[in-house]
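Keep in mind that what you see is a predicted model, and the values were worked out from it rather than measured.
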Amino acid sequence: MAEQNKIKHVIPKKALYHAAFNWETWVQCCYNYERMMGMACGHTFVPVINYLYKDDPDGAAKRKEIMEREMEFFNVHIEFGSCILGMAIALEEQKSLGEPIPGDFITSLKTSLMGPLAGIGDTIYQGVLIPILLAICIDITLTGTVWGSIAYLILMLAISYVFSFANFFFGYQQGSDAIMDFLEKGVLDKLLLGAQVMGCMVMGGLIANYVTCSCGLEIVTSGSTFNVQETLFDAVMPKILPLGFTMLVYWLMKKRWTSIKIIILIVIIGVVGGLTGILTA
C-alpha cells in the first residue's frame, strides 16, 4: 500500500539544485515592470523542463506551454518565495505524469501565495535581519578593520542561500497544502507581529548608537553653569534628542516628504544649529 501511495518523480536532485541555484542567484537579472520576476521563473525551470514529457509525442509543445505559463507576471520576496517555485515545479512534474492538474490552477496558486510571502519576507529581512547584521558588522568596522564588511557579505550570502534552498525543497516536497496550512493557521500573522516588535527594538538600538544629536546650550549664572543637555535632557531620558529627531524624520516621511527634501532639511538644521551653538556633535 505504501508503494502505491508513493509519489513518482522524474526530475533528478541535481536538476532541482540547479533550479534552486538559478532562482537565488539570477532572479533580479531580467527584472522588468511588465512581468517583474516572470523571466526569472522561466529561467528557474530551464534545468528541469527537459525531464518533463520526455516520452510524449507532443512533449515539445507541452514544455513550451509550461515555459509560457511560468513566465507570466510574478513578484515575491526572493528567499521566502522560493517555496512557490519548488511547489510549481512539483505540480508541473505531476501534471506531466498524468495527474489532472489544470495549468490555471498552478498560476492561481502562485498568484495567491506571492503576496503573503512577500509581506513576511520583506518584514523579516529588511526590518530585522539586515539591521541586526549591519549593527554588528558596522561596530566591527568602526574599530578600524575591514572584517566587518567582509563578515556582513559572507553572512548575508550564507543565510540567503541556505534559507532559499531549504525553502525551495520544502515547497517541492510538501506542496501547496503545507504552505496553505502554514498561512491559514495564523503562523504568518504571529511571525509578522514578532518581526515588527523585533524590528522596533532593533531600530531603537540603532538610533541610540548611530544618531548623534545633543544640545550645546549652557546657562551661566553667578554661582554655576547649567548645561541643558546634561542637566535637563539626559536627566529626563538619555538620547532623547536623537529619538526626537528620528521621529521628526519619520513624521515627515508619513507626510510624503521626499528623501531629498528631508536630507536638505537635516543639512539646514545641522548648519544653523552648529553656527548658533544650539546643537553640538
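Between Thr123 and Val128, every side-chain heavy-atom pair lies at or beyond the 4.5 Å cut-off. In this structure, the side chains of Glu92 and Phe45 come closer than 4.5 Å at one or more pairs of heavy atoms. Annotation: side chain of Ile207 is not in contact with side chain of Phe245 (no heavy-atom distance under 4.5 Å). Using a 4.5 Å heavy-atom cutoff, the side chains of Arg35 and Glu72 are not in contact.
Donor-acceptor pairing under 3.5 Å is lacking for the side chains of Tyr17 and Asn22. Side-chain atoms of Glu79 and Tyr161 include no donor-acceptor pair closer than 3.5 Å. Under 3.5 Å, the side chains of Thr141 and Ser149 contain no donor-acceptor pair of N or O atoms. A donor and an acceptor atom, one from each side chain of Tyr51 and His9, are nowhere located under 3.5 Å apart.
Under the rule for a ring-ring contact (aromatic ring centres under 6.0 Å, His included), Phe74 has no partner lying at least two apart in sequence or in another chain.
Between Lys8 and Glu93 there is no salt bridge, since no side-chain nitrogen of the basic residue lies less than 4.0 Å from a carboxylate oxygen of the acidic one.
In terms of heavy-atom proximity, Cys213 sits nearest to Leu279 at SG-CD2, 4.1 Å. For the residue pair Ala19 and Val48, the shortest heavy atom distance occurs at CB-CG1, 4.2 Å.
In Glu99, the CD atom is crowded: over 12 heavy atoms of neighbouring residues, nucleotides or ligands sit closer than 6.0 Å.
Under the side-chain contact (heavy atoms from CB on, under 4.5 Å) rule, His77 has a single partner from Ile120, Asp122, Leu117, which is Asp122.
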